[in-house]
There are 2 protein chains.
Amino acid sequence: MNTDMNLATNIFPVSRSLAQERHDLIVSEVRTRGSVRVTELATLLDVSDMTIRRDLDVLDEAGALVKVHGGAKVSTDHAADQPSFDAKSNTQTAEKQAIARAAAEFVRGGATIGLMAGTTTWRLAGELAAIPNLTVVTNSMRVAEVFNEFWRADRNIILTGGVRTPSDALVGPIAATALAALHVDTLFIGVHGMSERAGFTTPNILESDTNRAFIQASGRKIVLADHSKWGVTGLSSFANLSDADVLITDDKLSADAAAVLANQIPDVRQVSGS
Amino acid sequence: MNTDMNLATNIFPVSRSLAQERHDLIVSEVRTRGSVRVTELATLLDVSDMTIRRDLDVLDEAGALVKVHGGAKVSTDHAADQPSFDAKSNTQTAEKQAIARAAAEFVRGGATIGLMAGTTTWRLAGELAAIPNLTVVTNSMRVAEVFNEFWRADRNIILTGGVRTPSDALVGPIAATALAALHVDTLFIGVHGMSERAGFTTPNILESDTNRAFIQASGRKIVLADHSKWGVTGLSSFANLSDADVLITDDKLSADAAAVLANQIPDVRQVSGS
DNA sequence: AGACCATGTGATCGTTCGCACACCGGAGTG
DNA sequence: CACTCCGGTGTGCGAACGATCACATGGTCT
């Protein structure tokens, strides 16, 4: 047992990541979260903090971010733009971020994915910055903006159109018509509430229609919902729990709730938000 | 992954140039995964790393990927060179503002209007803040954002959807379909260039299609174009001069040009930009 | 056969990374 | 007040890894 440790660590040739990859990841991390600490990045990327510092030096030099004591933050010319850090997107931040990161694992380069409107899916958009060759369909202007921010030729961003709700979803007949003509491999669903009886819900009835159309247009359906969504019922249901193929939530979800969900959804994952 | 390679090598004793196949596989690998390391490819393709390096040299040279230390990553080709929105929005500011203000005079409360993408129409959006009871159809995210910023219950903002061009127009079949189902009283048209021969033009051919659909969906057509647009011809024409009902421009337009325009457009107005 | 091309080999040189160590300033603590 | 601990930072060096070159090899083309 104890001798296996050396073996195990040596068998896999450490699969060190390319420096460039690290850089991309660091930048996207900084862009989505506003700031990062050196030690976080070191454990996240599994390299020494010295390496992270050197990376930050380079990226700072290149203007991609600004080094500060303890880590790095977004470079100022980039910082002023987003008015989007309002009340809603600040709740359960760590959990949502962790969920978004776990969700990003499901996306491979070259895929066609759908991102429903929502704060968690918005964070997911940031996590997808480094993935090449994506086609993304979304009904959220904010999500679209994330991708527009760093434009890439290998990226195809499609906005459904429609009327914008206060929570930033484009809805209505235009959205529905657009979605009817499209098909995505994987759809990431943000919800307002979920419960055993009502399934997945949203407070906005128009949004509900659009969500249904989106689900209709998709293959694999992945729901992103932190624990605070459990037991919440919005005005309008748009899917049953069993419609989801995967649910990603955090580890603060009660065991009861997890059991109910696992009973209806083939793949339920709980990630740690800390 | 694909094991055809091994098969091929066994059946055909290297009769064909395998290099091409390796290249294809390397590129697709990079495209789907974002990055690869030389050693991975070497074992995957069962050739020496030297060969892989040479392959990467070629592919880098060809622009299919970018070599980095340890491997290669996708090239984020920034080749598309249309004037981006930010670059454009700073030119002829005073004139555009004056034109926008004059255009706002055409909008009465309760109207249904269309705003094409463009910097002048974007400014017009700002001028329309005070007008009650509007329904606005636009294919520009930035225009939509202006209205979203101060949300009003008596306002209906409809976004066409589509794929976003660098100059912030949503285009493509989704936009066209959405527009086909709509009708606006008054359409405000921003142009990239106008000339006697080519009429109204844009550098982006997709945008051109969408613009035509927009025009099709509208009653009165008002073109906003400062004097610098005269004589400029973009790649693609989307309307004749005579299709416009009103043209609003500034007083720096030459008398000749004004005469030509007045000959084809019933109502040509020149406003002062200072 | 001889030129030719793609590929592998080994030597050499450049890069990257982790570790050990030193520095620097702030918060306790005696 | 001096003293020490502590987290963050930077430097130097060695080891491992990657890049590159020159050359050898073993096939194909004419």
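Worth saying up front: this structure is predicted, and the values here are computed from it rather than measured. A, B, ... follow the sequence lines: proteins, then strands. Residue 1 opens every chain.
A salt bridge does not link Arg142(B) to Asp168(B): none of the charged nitrogens lies less than 4.0 Å from a carboxylate oxygen. A salt bridge links Asp24(A) to Lys73(B): at least one charged side-chain nitrogen sits closer than 4.0 Å to a carboxylate oxygen.
Side chains of Glu196(A) and Gln264(A): no donor on one and acceptor on the other come within 3.5 Å.
OP1 or OP2 of dG8(C) has at least one side-chain nitrogen or oxygen of Thr51(B) nearer than 4.0 Å. Contact between the side-chain N/O atoms of Arg54(A) and the OP1/OP2 oxygens of dG18(C) is not found at any separation under 4.0 Å.
Here dG18(C) presents its C1' atom at 17 Å from CG of Leu41(A), a figure rounded to the nearest Å. If you measure from atom CD1 of Ile52(B) to atom C1' of dT20(D), you get 16 Å, rounded to the nearest angstrom. Rounded to an integer number of Å, the gap from Asp55(B) CG to dG8(C) C1' is 13 Å. Rounded to whole Å, atom P of dT16(C) lies 12 Å from atom CG of Leu18(A). Atom CD in Glu21(B) sits roughly 11 Å away from atom P in dT7(C) (whole-Å rounding).
In this structure, the side chains of Phe200(A) and His192(A) stay at 4.5 Å or more apart for every pair of heavy atoms.
Pairs of residues two or more places apart, or lying in two chains, that qualify as salt bridge (Lys or Arg N to Asp or Glu O under 4.0 Å) and include a residue from residues 59-70 of chain B are Asp57(B)-Lys67(B).
Of the options Arg101(A), Arg22(A), Arg123(A), a salt bridge (charged side-chain N to carboxylate O under 4.0 Å, His left out) to Glu29(A) is made by Arg101(A) and by none of the others.
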Tabulate protein N/O versus nucleotide N/O from nucleotides 6-10 of chain D, keeping only pairs under 3.5 Å, one per line.
from, atom 1, to, atom 2, distance (Å)
dG8(D), OP1, Arg37(A), NH1, 3.1
dG8(D), O3', Gly70(A), N, 3.1
dT9(D), OP1, Val68(A), O, 3.4
dT9(D), OP1, Gly70(A), N, 2.5
dT9(D), OP2, Arg53(A), NE, 3.1
dT9(D), OP2, Arg53(A), NH2, 3.2
dG10(D), OP2, Lys67(A), NZ, 3.3

